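Single-structure report; data block below.
Given the structure is predicted, the values throughout are model-derived calculations rather than measurements. Each chain gets a letter, A, B and so on, in the order its sequence line appears, and its residues count up from 1.
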Amino acid sequence: ETGVTQTPRHLVMGMTNKKSLKCEQHLGHNAMYWYKQSAKKPLELMFVYNFKEQTENNSVPSRFSPECPNSSHLFLHLHTLQPEDSALYLCASSPLRGDTQYFGPGTRLTVL
Amino acid sequence: EDQVTQSPEALRLQEGESSSLNCSYTVSGLRGLFWYRQDPGKGPEFLFTLYSAGEEKEKERLKATLTKKESFLHITAPKPEDSATYLCAVHSAGGTSYGKLTFGQGTILTVHP
């Protein structure tokens with residue numbers, strides 16, 4: 001595997017489910033990011049991790065819970081989501097916070 | 001608050017018809033301006049980073065330029081495979097959000113054969 005990978009690529013869940021999104025980067029980077037991309041809206045930054053430490057939480061609801069066990073892996077735990085949370089969730093990484101970011105293919109999430 | 005505005009929202013070109021996409025920005029100290037290409041259902045693909053006014057970068061049919069207020073992405077003799085959404089983002093020196101990119105809404109480019 002090369003670059004930034006995300007699993008699953010597609011996810012359908014009910015409002016009462018709990019699921020997790022996974023991101024893995026094979027670039028040796030130290031910063032990782034979660035973004036939300038909704039139709040007709042710019043990419044919205046959700047969380048930033050730098051050397052496994054969370055440095056940014058962009059006023060994200062608590063039903064989204066990030067986890068960064070090491071510099072190569074990033075998770076987004078989801079619970080009791082709302083239909084308006086349906087979107088493309090993108091993971092990105094960069095050598096250091098502030099450097100050029102490289103994106104994964106995204107997870108298309110649908111909340112029923 | 002940082003702001004990024006891209007124009008036009010959508011652009012339709014004939015193959016070979018050169019044009020430019022615009023990215024206007026307002027930031028409190030620019031650390032970098034980034035251009036990405038995004039195909040439907042995929043993540044953004046990095047194209048260029050520009051750091052200071054007057055800087056230019058080229059890649060195949062694409063050329064990015066930067067002034068103190070805006071950036072242009074020039075597309076020379078485009079081909080149908082250049083069809084995509086082009087995203088502009090800025091990284092500013094303002095506040096405590098180091099590393100935070102602010103994205104524009106994108107320009108949807110369609111190139112017809």
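Less than 6.0 angstrom separates the ring centroid of A:Tyr35 from the ring centroid of B:Phe103.
The greatest number of non-hydrogen atom pairs below 4.5 Å with chain A, out of B:Gly41, B:Pro44, B:Ala89, B:Gly32, is found for B:Pro44.
Looking only at distances, a side-chain donor or acceptor of B:Tyr36 sits under 3.5 Å from a matching main-chain atom of A:Gln101.
Counting heavy atoms from C-beta on, the side chains of A:Lys41 and B:Gln105 never come closer than 4.5 Å. Side chains of A:Leu45 and B:Leu101 form no contact here, defined as non-hydrogen atoms less than 4.5 Å apart. Looking at heavy atoms from C-beta onward, A:Asn58 lies in side-chain contact with B:Lys100 at the 4.5 angstrom threshold. Using a 4.5 Å heavy-atom threshold, the side chains of A:Leu88 and B:Gln38 count as touching.
Between the CZ atom in A:Arg108 and the NZ atom in B:Lys42 there is a gap of 14.0 Å [rounded to 0.5 Å].
With a 6.0 Å radius and a threshold of 12 heavy atoms from other residues, nucleotides or ligands, B:Gln3 has its CD atom at or below the threshold. Within a 6.0 Å sphere centred on CD of B:Glu9, heavy atoms belonging to other residues, nucleotides or ligands number 12 at most. A 6.0 Å sphere centred on CZ of A:Arg63 holds more than 12 heavy atoms belonging to other residues, nucleotides or ligands. Annotation for B:Glu81: atom CD counts as buried by contact number, over 12 foreign heavy atoms lying within 6.0 Å.
One hydrophobic cluster, built from ILVMFWY side chains closer than 4.5 Å, cannot hold both B:Tyr86 and B:Ile108; they sit in different ones. A:Val60 and A:Leu90 fall into different hydrophobic clusters, where Ile, Leu, Val, Met, Phe, Trp and Tyr residues are linked whenever their side-chain heavy atoms come under 4.5 Å apart, directly or through other members. In the hydrophobic cluster analysis, where Ile, Leu, Val, Met, Phe, Trp and Tyr join through side-chain heavy atoms closer than 4.5 angstrom, A:Val48 is grouped apart from A:Met32.
When every heavy atom of B:Gly104 is checked against every heavy atom of A:Pro42, the shortest pair comes out as O-CB, 3.6 Å.
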